[in-house]
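The figures here come from the full heavy-atom set of this structure, side chains too, leaving out hydrogens, waters and symmetry mates. Note on naming: letters A, B, ... go to the chains in the order of the sequence lines (proteins, then strands), and numbering restarts at 1 for each one. The shown structure was predicted, so the numbers you read here are calculated from the model rather than taken from an experiment.
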Amino acid sequence: MAVEARPWDVKINSNWCKQCGLCVAFCPRGVLKLGDDGRPVVVDIARCTGCLLCEMHCPDFAIAVKRSE
Amino acid sequence: MAVEARPWDVKINSNWCKQCGLCVAFCPRGVLKLGDDGRPVVVDIARCTGCLLCEMHCPDFAIAVKRSE
Amino acid sequence: MEESRSRLYQGNEACVEGAIAAGMRFFAGYPITPSTEIAELCSVRLPQVGGTFIQMEDEIASMAAVCGASLAGLKAMTATSGPGFSLKQENIGFAAEAEIPCVIVNVQRVGPSTGMPTSPAQGDLMQARWGRHGDQEIVVLSPAYVDEVYSLTIEAFNIAEELRTPVILLMDEVVGHLREKVTLPKPGDLVIKDRKKPVPGSRYLPYAPGEGEDGDVPPLAAFGDGFRFHVTGLTHGPDGFPTNSPSVGEPQIKRINSKISSRREKLCKAEELFTEDADILVVSFGSSARSAKKAVKDLRAVGVKVGLLRLITLWPFPEHVIQRIAAGKLKAVIVPEMNLGQLAREVRRCLDGRAPVIGVNRVAGKLIEPADVIRAVQEVK
Amino acid sequence: MEESRSRLYQGNEACVEGAIAAGMRFFAGYPITPSTEIAELCSVRLPQVGGTFIQMEDEIASMAAVCGASLAGLKAMTATSGPGFSLKQENIGFAAEAEIPCVIVNVQRVGPSTGMPTSPAQGDLMQARWGRHGDQEIVVLSPAYVDEVYSLTIEAFNIAEELRTPVILLMDEVVGHLREKVTLPKPGDLVIKDRKKPVPGSRYLPYAPGEGEDGDVPPLAAFGDGFRFHVTGLTHGPDGFPTNSPSVGEPQIKRINSKISSRREKLCKAEELFTEDADILVVSFGSSARSAKKAVKDLRAVGVKVGLLRLITLWPFPEHVIQRIAAGKLKAVIVPEMNLGQLAREVRRCLDGRAPVIGVNRVAGKLIEPADVIRAVQEVK
Amino acid sequence: MRKEFRLAGAGGQGLISASIILAEAIASRTDLYVAQTQSYGPESRGGSSRGDVIVSDSQVDYPEVTNPEYLLVMTQDACSTYAKDLAPGGVLIADSTYVKEIPSVNGTVKSYPISERAREMGREIVANMIGLGILAGLTGVVSLEVLEEAVMERLPKSTWDLNKKALRHGFEVGMQMAGGGEEVGEGTRA
Amino acid sequence: MRKEFRLAGAGGQGLISASIILAEAIASRTDLYVAQTQSYGPESRGGSSRGDVIVSDSQVDYPEVTNPEYLLVMTQDACSTYAKDLAPGGVLIADSTYVKEIPSVNGTVKSYPISERAREMGREIVANMIGLGILAGLTGVVSLEVLEEAVMERLPKSTWDLNKKALRHGFEVGMQMAGGGEEVGEGTRA
Amino acid sequence: MGSDLTKYLRVEKLPHIWCAGCGHGIVTQAIVRAIDELGLDPAKVTIVSGIGCSSRAPGYMNFDTLHTTHGRAIAFATGVKLARPELKVIVITGDGDAAAIGGNHLIHAARRNIDLTVVCYNNSIYGMTSGQYSPVTPLGSFASTAPYGMVERPFDLCELVMGAGGTFVARSTTYHARHLTNVIKQAIQHKGFSFVDALSQCPTYFGRRNNMKDALAMLNWYKENAVSRDDWAKMPPAERGSKFPIGVFRDEEAPEYCETYRKVIEKAMEEVGAK
Amino acid sequence: MGSDLTKYLRVEKLPHIWCAGCGHGIVTQAIVRAIDELGLDPAKVTIVSGIGCSSRAPGYMNFDTLHTTHGRAIAFATGVKLARPELKVIVITGDGDAAAIGGNHLIHAARRNIDLTVVCYNNSIYGMTSGQYSPVTPLGSFASTAPYGMVERPFDLCELVMGAGGTFVARSTTYHARHLTNVIKQAIQHKGFSFVDALSQCPTYFGRRNNMKDALAMLNWYKENAVSRDDWAKMPPAERGSKFPIGVFRDEEAPEYCETYRKVIEKAMEEVGAK
Ligand SMILES: Cc1ncc(C[n+]2csc(CCOP(=O)(O)OP(=O)(O)O)c2C)c(N)n1
Ligand SMILES: Cc1ncc(C[n+]2csc(CCOP(=O)(O)OP(=O)(O)O)c2C)c(N)n1
Ligand code: SF4
Ligand code: SF4
Ligand code: SF4
Ligand code: SF4
Ligand code: SF4
Ligand code: SF4
Ligand SMILES: [Mg+2]
Ligand SMILES: [Mg+2]
């Protein structure tokens, strides 16, 4: 089954994020970077493959990766 | 080491014996028999080999097998 | 099959039959003399009525399983004796805090510690009330007759369900092992109470007191019913979630206590004999009270103005009953019990000095005899 | 190293240092807030003095290991809080019945159940006395100041060893976590008591009362000393072997109780402030008593004739002290405590109606404030 | 009316079971009140064994038997232990198969070779039923029919015939005893 | 004399540790009485953190700080939470590195960029020592020497120099504050 | 993938009380994801826990949830399951909760083969009470009650549960979040007792004291030391060192307790003619 | 052989309370004989037990003896041993005592490898309380709480202890009294935790309900079903049926807890200059 090359949305809930940095460390594509407040910011969404590594390693349920509508 | 053919003494403590019959059942040489009161009696000490099977299977510490003096 | 409705039951058996009649469908226990027959009979009887018996790995687990089963919707019971009762305390406390209806039977034997497993005692009276850390009122019922074991077990379930609380049935070895006639009520004559359930579809706050009568007892949903609620032993708010706020926690702790203390009059059952005109009062419970009754009858027969108060509800403590009787002039109150004076201590507290309290005590397995009580009465006369 | 003899100690730390000064060389515990620092410090400090610390798999095992170590000759202690204290009850009962000296520390937190682990309470007062099945008096000491934690821990060991009995040190979270100055006594100034040992070579009856002062406390040999004696939690005779005879068992059960009850006056420590001429008495203990003290001082400063009785020994209950004070005319007795009235209930019992008892109670983690006490006094004035 | 019964002997003689059957018969088939107790604990395991029954026309208060009016003893040990407790004027029934020496009591003594008779009937195990029958026949506290019903309710069908036979035999012996018979003690009939 | 101190901020800022050092210095090296308490529980883990000290010339009765005379706040959160509790006439000391908004209080407010200064000294972690020094210098409750001894007793040798430097700096700042400085509140000096 | 997991969460209770970087959130997410991927009816899932940081998880999970006493979760869960066998009952526990105070309930539930899924959030420390050693703290590690280094030998929890007769036993780590989710799915689907040893970092107490500066360092440690079950079997013991196996160690069929007990009920009811 | 064992007994307490034919006397004799054959100093032997028929044994044994609470013997023994490591501490326990209520202490002592010898008098029933099922009652057997036949799967106690990390684990039976004595000897000599699963007949409650008419029948059952460890390993599972292995299943060296703790003491004392 060929996966459609639809872009991804990475949503960060900064109220829940505790600035542990794991998401940034786990993203294999450099999509995320730590912002000034210690929370991740999406810097290159185009590179996102939707691998979910960031989401699954976030201890705070603070990242949601979804296909963009 | 040759074992001396000394005879054996089999002492039964009838105050402790609870008449379970195990000693009689375990004696491989027919040395013991159940008496009228359900306690073992020594019927043929000469055949005793000092194997201790009776003593070791008595649940009531009621049999002591010793070399006779 | 049930032609005759009179049966010879052992106390422990009457407890099981009463429980099943009350709707008990889950029993988790661990054998211990002299309560073991309760577990054994449950293992036979429960599956016959579609219920579940399990012998857990220990008493702690038994009490835990009872809480779990009750939260999943079944009326649940456990039974034990002294050492096991000590072990159950932590999880009885959980049941009190989380407001889980259940019945705990303690058939008392001689303590302290392993004591005398086959001999009767009444030494767990205070433990039943105070055995757990933190404040928690608890209902404790104590039968003296086998037919009373039957009816009081039903009562224990009714109270547990109505008040969402653990209830302790405190028997003693004599009552547990004794066989007596029990006349079974016709099924329709039984009053059986069930826990209040939340209204389906409504927002459910499992610890929010409501309005009206018994409004202080929140309804209890069962796991699996779709309410998806949370239960915790941490001090919690009306929604069941933990709180660190004294102002949220305090009303909750007070409510679980006052659920019981505010119903003192309703919950307190007692048998009174010749108390109206007594100038000496005998107060007792359980099997000791049977000796006391014999003594009181014998003494009345020879004209001694003595009365008997047999406590059936031990906790909440029937202060009001004792005070009512003590309002008349009492020369003395005599308290026969198989312990070193636990009931006497409570009686004294309620009397506020209105009469001296004299104990009649035995602690190593010998039942108190009527003669012991008679002697004590004659000494104060 | 020890230039200065004044130190800032946390309550829990003072407990450990007091215990080590008393000769404690074995600690078995299981972590629980707010007592955990006691275990942690023992793990550091005990091996430094050649002692042994072990974190057991649970509280039951901890209490068991403490009994075992004490029987093998070491002064032994455990520490816990509410839930763990509930679990230890069965084996505390064993220690009472088998007369094993040891110290159990309970740093109280809010209950019931898991409650509020980091908030203070005094809800285990009655449990400390009544938490076990069967009759067993027990000594319970309750410090209010960190330096008192130090001295009272030593006292607890002394009593345990002298009376061959478990002793409970009942602290609360405030006292356990508070840091205050402790001025250490010079080693020579410490009074340290050790258990009486049997005479080597003599026939040893480990439960036979002897003659003379403290004759009701039989000497205790250590395992491995060659006496080859038997210890059991079954009711036993003077030789330590089980008995089914009420006439052998009853004296034994009564002796272990009266070892303590008969020493009430000797064991009861309390602090009195302005009690001679008080017409309102405040009775309190632990950290609540500190608020009470502040209130009493403030009220005295404005001429209110109020006095303070701060109980240091909670059990045996200082009936005689309360009765002595109540012999004067008291308008009321006010009892501030962080529970729903456990101490007040006992005070009422001892007063026999001589004065009304008014509780000042908080139960969800907020320390009672001096203002609460002042308000209560003003209401009865 | 309050009557105390004690059935005592060795574990395995079925005396506890007999006491329960007696109590059950009374409980479910008469208007009398009844209280049954028994020995518990290690001593009841293999060793001695004891079943007590109190029958009364009102609820039983004190539930223990201290001075039985009717004492059935089926071992020498039981006899030696309990004979002294016999109520003044009570009846001691001894299984003469095992009881060889009877201390003097302040009541009536009846002897009968209960176990021997049971053995003759086929199985010594039904000695308890003979003993039970004797007690009932002697005292009239329950009828034979009622006892038989109780037996049938509690015991497996395969044993009914033999048990009922033993019961009946005992009942007759008991009735005879009531009518007089070998008196040994110094006391009067209960 | 009874004086209440509160040191509040975030977990990791070392304020509990500072409060203990303050109490320890007083306990072992002065004749004063002291009582130290702190926040416990989940909220003290990672989140906010609070150390309280009561100093008195007699034994401390009520051991809790309710209305501190001296309040050191090192986060905006701590300031917002505790400022309202300041005793009338008390002194609020704010770490202006993090505290940007100070509610009006019935006392004196002193601001100082504590954390910034610590960072400049080499490690922000010693901000607590600056804060502690300020409290001591401002109130005179203990001498610098005594505080330094307490630090050396409790902290590893490798950290002594920097900690003492921070402490000394704070102490000087505190003494200056005591001598006057930017008053913000409406109250008087404690 | 990309499914909205927040519907299984009590979002109003978030953020949770766990420290930054704590592994417990990762394991919790794995459980919730497993439930989602299996399509379980949330009204028929009950989550039971004991006491510990780990045991606070159910409070954030939108099912029927029961936060019990320390160590007793499995015993409570046994009652729930027996009373209502149609429920999926998942137990969340910690290494202290499950293996120290609760060890007995763990082995007995495994023995009975009752259909519970136990997920042990194993951080080899007591997190909630601030870092005391647990029965799985490695030899030589430091903990607040092991100031001279841990001297007790640790359990291998999977070996323990297998020794007790457990029929499904697996291990994974928060590093292997996808693998972890998969073994939890298998565990839930297993008919009978299932146990997942889910290694979860506690940076605050375990990491800090044992030279792992943050959560990432700990996850990297898992990465470097975890070995697949099959590789582990082939690895000479001398080489194992700090390494440990992950994967499914046992997946066996055996009669499930509730079902067996059903038969007792049927038999008993038949005997008395109730059926 | 033929040595007078009564010197290790409290003869004035005999006859004991056990039923006629009860295996517990045979196991007790085996322990006493092992002590005798090893030539241990009786003053340096402490016997600790829990509650049960089995646990009454120490009362008849002339050493320092401690009869504790149900299930807790091993925890008490841990205290004795740690307080006085020079003592030989032997724990006598039953299958209920050791494996039901006491299971947690058993596995933790095994894990710690503390030098205790635990002899479990395993009659697969609760004797003292009159015949309820225990965690080792075989499937399908009858017990007073298993009136419809046992439905819980039993532990293999040796597997359990090995799963927990036990370093010496063995099984024998009262039929194999000499073998039993020998494995107890080995167990006592083992440095570290040792466990002996000593199968012991309860004719009164287990035998009677399960078609074994007396003690002899039960011993014969042991004879017919016991298989040596090595034969067992070779036996195809399908043939095993009611058979079970006896022998020493594990005998490994590992650091003993008291000794390791000694080193902690030395280290700590050195640090503070006390040594
Ligand atoms: C009976 C009892 N004992 C002790 C405690 C204290 N306590 C709470 S959590 C905990 C340990 C938790 O460790 P673990 O299960 O590993 O969970 P973690 O916090 O590491 O996730 C302890 C000892 C308690 N609450 N109850
Ligand atoms: C806390 C507690 N629970 C239950 C009991 C009752 N009890 C005494 S012995 C026993 C079981 C004994 O079984 P086991 O250990 O196998 O010994 P056995 O009698 O078979 O030798 C039980 C449940 C008790 N004494 N204490
Ligand atoms: S889904 Fe994968 S690629 Fe996209 S941001 Fe997350 S980790 Fe990076
Ligand atoms: S992993 Fe989650 S909590 Fe951590 S930094 Fe990223 S979004 Fe924040
Ligand atoms: S020693 Fe052996 S041969 Fe001799 S009587 Fe005993 S069993 Fe028989
Ligand atoms: S084995 Fe012992 S108890 Fe049994 S009959 Fe022989 S001597 Fe008697
Ligand atoms: S203490 Fe450890 S386990 Fe607990 S929340 Fe923090 S990181 Fe997680
Ligand atoms: S009941 Fe069983 S285990 Fe107990 S003494 Fe009798 S035969 Fe032995
Ligand atoms: Mg953990
Ligand atoms: Mg057994």
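Within 6.0 Å of NZ in K293(D) there are more than 12 heavy atoms belonging to other residues, nucleotides or ligands. Residue-environment remark: NZ (K305(D)) stays at or below the threshold of 12 foreign heavy atoms within 6.0 Å. Under a cut-off of 6.0 angstrom, the local environment of CG in D31(F) is sparse, with at most 12 non-hydrogen atoms contributed by other residues, nucleotides or ligands. Other residues, nucleotides and ligands contribute more than 12 heavy atoms inside 6.0 Å of the CG atom of D189(D). Within a 6.0 Å sphere centred on OH of Y33(F), heavy atoms belonging to other residues, nucleotides or ligands number 12 at most. No more than 12 heavy atoms of other residues, nucleotides or ligands shown are found within 6.0 angstrom of CD on E101(F). Heavy-atom neighbours of K157(F) NZ from other residues, nucleotides or ligands within 6.0 Å: at or below the threshold of 12.
Summarising the geometry of S6(D) relative to A27(F), their closest heavy-atom pair is CB-O, 3.6 Å, with the distance given to 0.1 Å. The two residues Y62(F) and E369(D) make their nearest non-hydrogen contact at OH-CG, 3.3 Å.
Between the side chain of K181(D) and the main chain of E24(F), no donor-acceptor pair closer than 3.5 Å is present. In terms of modelled atom types and a separation under 3.5 Å, the side chain of R179(D) and the main chain of A23(F) share no donor-acceptor contact. Put simply, the side chain of K294(D) never gets that close to the backbone of P63(F): no donor and acceptor are under 3.5 Å apart.
The parts of I20(F) that come within reach of chain D are both its backbone and its side chain, each placing non-hydrogen atoms under 4.5 angstrom from that chain. Using a 4.5 Å cut-off between heavy atoms, Y145(D) contacts chain F through its side chain alone, with no backbone atom that close. For a residue to count as touching a neighbouring chain, one of its non-hydrogen atoms must lie under 4.5 Å from one of that chain's; by this rule V53(F) does not touch chain D.
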* To do: Before giving the answer on side-chain contact (heavy atoms from CB on, under 4.5 Å), spell out for K297(D) and D61(F) the whole-Å C-alpha distance, their side-chain angles and the decisive distance to 0.1 Å.
  => CA-CA 10 Å; K297(D) 285 183 186 167; D61(F) 293 327; 2.9 Å; yes

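Side-chain atoms of E180(D) and V34(F), non-hydrogen and from C-beta on, never get closer than 4.5 Å to each other. Two residues are said to be in side-chain contact when any heavy atoms from C-beta on lie closer than 4.5 Å; H177(D) and T37(F) fail this criterion. You'll find the side chain of S28(F) stays beyond 4.5 Å of the side chain of L8(D), heavy atoms only.
The NZ atom of K366(D) lies 8.0 Å from the CD atom of E64(F); values are rounded to the nearest 0.5 Å.
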